[in-house]
Amino acid sequence: MPRFSIIVPSHGVAGRLSLALDSVLGQSFGDFELIPVCDGPDSVAAGVVAGYAERDCRVAPVYSPPGAGPAGARNAGMRAATGAWLLFLDGDDVLVPGALAALDARLEETGDVDVLHFEHERTPWWVGEPTNPAAPVLAGAPDGAFSPERAPQLTGVQLPAWSAAYRRAFLAERHLAFPDGHFTDVGFGGLVVAGAERMAVLRQVVVRHLVRRQGSRLGLPGEHHFELLDQVELVLTRAAGQGPSGERFAALFEQLFGTVLKTAAHPRRLPRGRRAFFRRAGRLYRRHRPAGFRMPGGSVGVQHRLLARGAYAAFRALRGVNQALARAAAGAPRPHGLRTRLRYRRQLRRPLDRNLVVYCAYWGRGYLCNPAAIHAKARELAPHLRSVFLVEADQTHTVPKDVEYAVIGSRKYWDVLARAKYLVNNANFADAVVKRRGSVHLSTQHGTPLKKMGADQATYPVVAAATGSIAKLLARVDRWDYNVTSNRHSTEMWESAYPSAHEPLEYGYPRNDVYYTATADDVARVRRELGVPEGKKALLYAPTHRDYATGFETSLDLDALCEEIGDEYVVLLRAHYFYDRGRARGTGRIIDVTGHRSSEDVCLAADALITDYSSIMFDYANLDRPIVVYADDWEVYRELRGVYFDVLEAPPGRVARTPAELAAVFRDGSWTDAEAKALRAAFRERFCQFDDGQAAERVVRRVLLGEPPEAIPPVIPLAERIPAPAATTLVRS
C-alpha cells in the first residue's frame, strides 16, 4: 500500500496539467500513486495522461464524466485510491519540491491523525507577490497532534481541500465524500473536521496554487451561489448530529456564515434572487444558531445581526451605499495629465508664499462653514494675507464677488496648493497634496461628533467604505498641524478618530460666532429672506444623513405634523448637505431651506430645532432655544452607524420616538417646560464649552498670525454669554 494517493482532477486544465503531474513525479519521496481524473477516455486531458501512464507505473488514471464536476472527479479518485493518505491537487497547481518528504516526516512525528493541515502559496497569474493565506489560520494550532477542541478555529471551512492530507481509513469509516454541486470544498472541509478526533498541522508550504486571471469559477455570477447554502445546511445538520463541543460548533457556525455574508454582499455574484438568498440564509442562521452564540464584533457583526433579523432592506442599502461611496472616494482630485503633474512638481520646488492662505469647505461645495468664518476674520485682523477659496466649478456663484477663488482641478488650484504656507479645510485636501516643510495645515472640522468618525469607523461597514483606506485617511490626517474643537468631548473623540501629532485648538467653532454676535435685526432679516410669516413660530427640522439608505427621504410626515400642532407653527425643512435641493422656497407651512447656503442663518431664524442625530444640535444649543430629538430609528442608527454616546440618555431637550409623541410635545407645551430647559442646560454645559463669539479671532491670531497661546483671548464663561435673541417669545416654566 503506497504512503500517499494524489488525486488530480483535470477538467479544463489540459494546458497546465503536465506541470501538475511533473511536480508530483519529480518529488524526492517516491512512495505514492498518482491518480489523474480525466473527463472521458477521448478528452484532451486523457491524451496527456496516457503518455505519463506509459512512462511511469505510479500513474493510474480514472475517468469521471464532466457533468460530475469537481466533487464527482475527486470522489472517483477516492474510490480508486489505495494509499494510506489522500492528497488532492487541482490540475493547474503544483507540489513544491520536497513536499511529500515533509509530509511524511511530519506524519511520523504526529502519528495517525485524521487530518494534517498544511500551508499553501497563492501565486498571481501575472505579477505580484505570492501570499500564504493558510499561515495565519494555522498559527494558533498546538504544535503536536491535538483534538479539535484545542483549536476550534480550524473548522475546515477556511482552507481548500488541497491544503490538507486525509487518512483514507478515517474518511472510509465516517463515509465522508465530497458533496455534490458547487462549493464542495466548504462542505467537505466542514464535514471532515466536524468528524475528526485527532488533527495536526505542518507550518510549511506544500502546494503552490496559481490564481487564475479570471479568478475562481465560483466567483462568477449565477444561481450556483445558492448551492453554498446547501453546503452550509449539510455541514451544520451533520455536525449537530455528531454533538461537537459548543465552542467548536460556534466557530464552525461563524465561519460558514462569514462565507455566506461575503456572497450576499458581493455586488455581482447574485444578479438575481438576492432577496431569496438572504432570506434562506437568515432562516438557516436562526435554525442552527448555537445557544449563547456571541456575534463577532465590527463590521462582520453588523452583518450577522442584520441576517439574524432578516433585515434584507437594511443589508441591501448598506451594501449599495458602501459601493457608491467607495466609487466616490476613488474619484478624489489629483493632478490630471502629464503637464499638470509636472507643473505641480515644479511649483513644489519654488519657495512657499508666506502670505498665501488656501481655504476649502465640504470638498469644494462653496464659501461655507468654519473656513469661511476664519477667512472673514482674517481679512479684518490679517489684511496682508492673500486668501484663495477652493470650490467646484458649479459652486463659483457661492463665492462673494470680492473673494478670490480657484476651481478644483484647475492649474490655479494646484499652483496655490503647492505654494501656500497656510491650508485651511473643514474636511481634507486630496491625497495628492504634498505637505511641505514650513507649511501649516489647519483642520477646522464641521461638527461635534455624535456618530463614529475617522479610524473609529473601521468596524462599521456602512461608513468604512466612505472613508476608504484607513491608512490613506491617517496619511491625510498626518498633514494636520492644528485641529479645532468646540468642546472637550470633541477633543477626546478626535484623538481617537484621528490619532496623530497635531495640536488641538480648544477655541470653539468660528462658524458659531454668529450665534453670539447676531442681533434681533439680523434674525428678522433672515426670516424675511426665508419666507417665514410674521408672528409664526418657526420649527427647524434638520435630520441627518442615513449612511445605510440612498437618497433623502424623511420618515416624518411634516404635513401631518403641521395639522396636529396648530396654525401658529411653520416648519423649516433642511436636509443634510448631501442633498442640496436648490434655493430656499416657501410652500405654505413647510418651507424647504435645504438650498440656503448658511446653516447658521437658518438656525438664527428658527425658534426651536427638531432633529434626530445631526450634529446641528450641538451648534443650535448655543442659541439656548428649545431642541426636540425625534429618534424613531435610534437602535438601527446606533448599530449601523456607530455612536460615541447615547443621545437618548443625555438629550438636549425632550425626546419623541413616534410622530404622535412628537406632536404631543408641541401641543402640551412640554418642549419649553422646566424639564426641557434643565436638559438643555446640562447639554450646553457639556457641549458649548468654547463657543462664545470669539472663536474665529482666536484661530486667526494663533494660526495665521502666530501669536503664542498665552496671548489668545480666553473663552468667556457660559453664564456670561448672551446668545442672539429668538424672533418670538417662548413661555417657559
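Just so it is clear, the values below take in all heavy atoms, side chains as well, and ignore hydrogens, waters and symmetry mates. If you're wondering where the values come from, they're calculated on a predicted model, not measured in any experiment. Sequence positions, counted from 1, serve as the residue numbers for this chain.
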For this session: Starting from the C-alpha separation in whole Å, work towards a yes-or-no answer on salt bridge (Lys or Arg N to Asp or Glu O under 4.0 Å) for R294 and E254.
Result: CA-CA 9 Å; R294 296 184 62 184; E254 180 176 337; over 6 Å; no
Exercise. How far apart are the C-alpha atoms of M199 and V193, what are their side-chain angles, what is the distance that settles it, and do they pass the side chain to side chain contact (heavy atoms under 4.5 Å, CB included) test?
Worked result: CA-CA 8 Å; M199 299 165 58; V193 176; 4.1 Å; yes
For this session: Check the pair D632, R657 against salt bridge (Lys or Arg N to Asp or Glu O under 4.0 Å), reporting the backbone distance first and the verdict last.
Result: CA-CA 5 Å; D632 62 332; R657 302 300 304 272; over 6 Å; no
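Aromatic pair F249/H288: ring centres not closer than 6.0 Å. Aromatic ring centres of F183 and H225 lie closer together than 6.0 Å. Two rings, from F277 and Y312, have their centers 6.0 Å or more apart. Between Y166 and F170, the gap from one ring centroid to the other reaches at least 6.0 Å.
L256 has its side chain out of reach of V260: every pair of non-hydrogen atoms, C-beta onward, lies at least 4.5 Å apart. For the pair F88/V8, no side-chain contact is recorded, criterion being any heavy-atom separation below 4.5 Å from C-beta on. Side-chain contact between P179 and Q231: present, with at least one pair of heavy atoms (C-beta onward) separated by less than 4.5 Å. No side-chain heavy atom of H209 sits less than 4.5 Å from a side-chain heavy atom of S163.
Both tests hold for R74 against F178: distance to the six-membered ring centre under 6.0 Å, angle to the ring axis within 45°. A cation-pi contact, defined as under 6.0 Å to the ring centre and within 45° of the axis, is absent between K451 and Y644.
Judged as a side chain to side chain donor-acceptor pair (under 3.5 Å), and not counting sequence neighbours, the contacts of E233 are R280, R287.
A donor-acceptor contact shorter than 3.5 Å links the side chain of Q255 to the backbone of Q153. A donor-acceptor pair under 3.5 Å is absent between the side-chain atoms of D456 and the main chain of K452, judged by distance alone. In this structure, D612 contributes its side chain and A631 its backbone to no donor-acceptor pair below 3.5 Å. No donor-acceptor pair closer than 3.5 Å links the side chain of D633 to the backbone N or O of V636. Listed for the R106 side chain is no donor-acceptor partner under 3.5 Å among the backbone atoms of L202. Put simply, the side chain of T123 never gets that close to the backbone of L210: no donor and acceptor are under 3.5 Å apart. A donor-acceptor pair under 3.5 Å is formed between the side chain of D557 and the backbone N or O of A560.
Aromatic ring orientation, F253 versus F257: tilted (interplanar angle from 30° to 60°).
Interatomic distance, R289 CZ to L284 CG, rounded to the nearest 0.5 Å: 14.5 Å.
Donor-acceptor pairing under 3.5 Å is lacking for the side chains of T131 and E121.
Checked against V62 for a side-chain contact (heavy atoms from CB on, under 4.5 Å), the options I7, V49, V37 give a single hit: V37.
Using a 4.0 Å cut-off between a side-chain N of Lys or Arg and a carboxylate O of Asp or Glu, R203 and D143 qualify as a salt bridge.
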